[in-house]
Amino acid sequence: MATTTEHLIEQGESDSKLPWYLKDLYRYLKGFALLTIVYMGLRLYQGAFAVSTGLDSTTPAFEQYWMRLFYIELWVIAAFASGMWGYLWFTRDRNLDNLAPKEEIRRYFTLTMWISIYTFAVYWAGSYFAEQDNSWHQVAIRDTPFTANHIIEFYFNFPLYVILGGCAWLYARTRLPLYAKGISLPLTLAVVGPFMILVSVGFNEWGHTFWFREEFFAAPIHWGFVIGVWFALGVGGILLQGVTRLIELLDQLEDNI
Amino acid sequence: MKSRINKYLLALGLMLSLLTLNSQTVMAHGEKALEPFIRMRTIQWYDVQWSKQKFNVNEEISVTGKFHVAEDWPISVPKPEASFLNISTPGPVLIRTERYLNGKPFMNSVALQPGGDYDFKVVLKGRLPGHYHIHPFFNLKDAGQVMGPGIWLDIEGDAADFTNDVKIINGETINMETYGLSNGIFWHVFWGLLATAWLLWWVRRPLFIARYRMLQAGLDDELITHKDRLIAKALMVGVPLLVYASYVMTTRQYPNTIPLQASMDQILPLPAEVNAGVVNVETLKAEYSVPKRALSLTVKINNNSEKPVHIVEFSTANVGFYNKALPLPDSGNSEPVLAVEGLSLSTIEAIKPGEEKTMTITAEDAFWETEKLDGLTRDADSRVGGLLFLADDTGKRYISSISAAIIPKFN
Amino acid sequence: MSVDLSSRSFRPYTGEKARITRAYDYLILVLALFLFIGSFHLHFALTVGDWDFWVDWKDRQWWPLITPLMGITFPAAVQAVMWEKFRLPLGATLCIACLSIGTWIARIFAYHYWNYFPINMVLPSTMLPSALVLDAILMLSNSLTVTAIFGGSLFALLFYPANWPIFGMFHVPIEYGNGQMTVADLLGFEYIRTGMPEYLRIIERGTLRTYGQYATPLSAFCSALLCTLMYTLWWYIGKWFATVRYLTKI
């Protein structure tokens, strides 16, 4: 039997009414709720202060309301990344060769939940706050790389989904035999590709500094982000890896009613 | 540990949400970020005036003013072949109802001529109550936003009272705020429901693992039923028919539609008001003292008018340096940044008719730094530009657009 | 990687195993919903977004050409996996529906509530009719070639007529400022945008564009050709990304 800290904790929580394969469902739902609160909180913060303090980066109010938020974000991101990645690594399963099929099935479900949390963060970063950037730059004269929407989109949302993608990758690598034996190409693509979007921020801001000042969203300056997000299609490969392995594992289980 | 981190994040989210209870008035826009040589040597604004600063929702106000397009246009800024006179607002808190350049209405973009003089008028109508800082400005293609002087406006009343009715060409009056909205929502909901039905039709049965197993077992035929095929055929035929029918209905309902308009307005400059040839100014040398925050211009002035003239003001990037030896002229309600005693001259005597005089004028103030204009010593295109205002005793003005390479003095 | 199954020995899962696979279905559906809203919307916004954001960008030469062209990408890639591996003919509809959800949320909460633009000025276009037909053709033909040629073409050709009932009324003329303009143009003029000057709009240019003032059908048929190619390209991109390889090192 495999042993991990996570597993030991869960043995103590066996009074849950959830089926064994959905043991992490509540944590998953709490993750969704937490992210929703954080993102909506940030949006409400923008609604309250962006027009009043976020239009001129040279004012003290901008420093107070926006740059301070930026520094707080950096600390939160650094702490969250080291905390989560550290936790997943140090609680890794060191005895994966003896993993029971049922436990492996459960872990595939948890991996799927991790990826789902990751894609939820991708939603906020890739859809809502991304398009909101176009809207905000119709209101503000872009006078800093740290606009009231960039501070949230580029320096919180982007790193956060990268961290959550990294969590999914690490979870698979440290708790599932196939992902520990080899490095899953689709999972790596789906995590590293969108990570490159964060790197593309450099290209974007450089271009805006030098030759491009209007808010033209379909401009080549933004296509670095586009190529990065294509790699999210790697999730198709993760699904196929999961399905084939789950079929193998299910076939090892006895038929229960 | 994970739950503890969750708690911290939750606290952060709540904290941020609570902060929304506080709110303040609007600050200026970030015009200082643009490189000084663009602000000094492209659109040179002056005489900008607002008809009112306090008004109600639905009430119209106007901003008028003049600008000179600098002759010494920077090499790194594309020529102003497509330019758009705009208003910086925090969103459409007011709407733009009319706009004129040299007295002619213009709705699109315009090509400006370097060296040209223009006057403008923009009519705005209050939409959302609040206290806002507003500038007229030019969007210059590939160069950015060159701001005119800003002002605080107070819009009072109730946002719900705002109306924006416009008469279309067939005489019908439409409400621009809601025109086409319910129709658009109807079609999105219509197609959305059809798409949802199609998705639910498939999602209601076992999906990934079950279908993958069946496919691998060669049971393709069982995965797509006869009914599925029937529905797909109905979609394949029905959707294009529906699209066609709705398209034809729309063309019948709106037979006289036109494409989006994309012309470039052609408006010639006014007769020369700046560099008009009466009083000529040539800049011989320009030095910027970094510690003193002072620009010294050595200029040769040639007065071809019939009266003695004196220097009143040097204006650059909406900062006005006024001759400290003269009373401050009335600048109305526009709010350029005023260095009231910022300008000193090497000689206070007026330049007589027919006289050619070389003199040094010094524009000294902390504004060089606070307005981020001192950055011009670090630009690749480190030339200074601006408008020099001269006047005779009757108040008649002579304006020169001057420019020169800047020589920094670091000590 | 594949699982050894033959039709003779095949037994569907029942009982707990059926419940496990169903629970997995739901998890994947939630995952896919946010994945496609997030990723496809970003791709779409940054390639053809401006045409979709603003009512005064929806011209008859570029809008019907490039919107379907960029819109058929993710549907093709997702169909490649959903149909090939699961015989689920919903890839296109799923992607486009997700895109619609993402755009509507942004238009309402970003453009309207945060930045005060009226929603009719930022109405999104729809590609749902195109997507439904694309899914249906793939299902009925079970052929990449047939779907690319006929499905891809219809995806493009249906776009403009499907959206005209939404946007046609914004093209009625108004006499304004000594000239004529559409309601859409006037919305763009009146509702001030600091970062979107009029000259930035990419709307029809050229001299022979109209052939008797009919630019749209030409754009639509050009888009149909390009969509056929784009569909095939993205089908293979989707397949490539859906690799199941494990590497020994990265």
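Both the backbone and the side chain of C:Leu186 come within less than 4.5 Å of a heavy atom in chain B. No part of C:Arg19 comes within reach of chain B, as not one of its non-hydrogen atoms sits under 4.5 angstrom from that chain. Of the atoms belonging to C:Lys17, not a single heavy atom falls under 4.5 Å from chain B.
Between C:Leu29 and B:Leu207 the shortest side-chain heavy-atom distance falls below 4.5 Å. For the pair B:Pro259/C:Asp59, no side-chain contact is recorded, criterion being any heavy-atom separation below 4.5 Å from C-beta on.
The two residues C:Asp25 and B:Ile209 make their nearest non-hydrogen contact at OD1-N, 4.3 Å.
When the candidates C:Leu158, C:Leu123, C:Thr216 are compared by the number of heavy-atom contacts under 4.5 Å with chain B, C:Leu158 comes out ahead.
For the side-chain contact (heavy atoms from CB on, under 4.5 Å) criterion with C:His171, the lone passing option out of B:Ile258, B:Leu260, B:Asn256 is B:Leu260.
Within residues 99-106 of chain B, the residues that have a heavy atom under 4.5 Å from a heavy atom of chain C are B:Arg99, B:Pro105, B:Phe106, listed by number. Inspection of non-hydrogen atoms places B:Phe162, B:Asn164 of residues 157-165 of chain B under 4.5 Å from chain C.
Applying the salt bridge (charged side-chain N to carboxylate O under 4.0 Å, His left out) rule to pairs touching residues 79-104 of chain C yields B:Asp220-C:Arg87, C:Glu84-C:Lys239, sequence neighbours excluded. For residues 151-172 of chain C, no residue pair satisfies the salt bridge (charged side-chain N to carboxylate O under 4.0 Å, His left out) rule, not counting sequence neighbours.
For the pair B:Arg127 and C:Tyr116, the cation-pi test (distance below 6.0 Å, angle within 45°) is failed.
Residue-environment remark: CH2 (B:Trp202) exceeds the threshold of 12 foreign heavy atoms within 6.0 Å.
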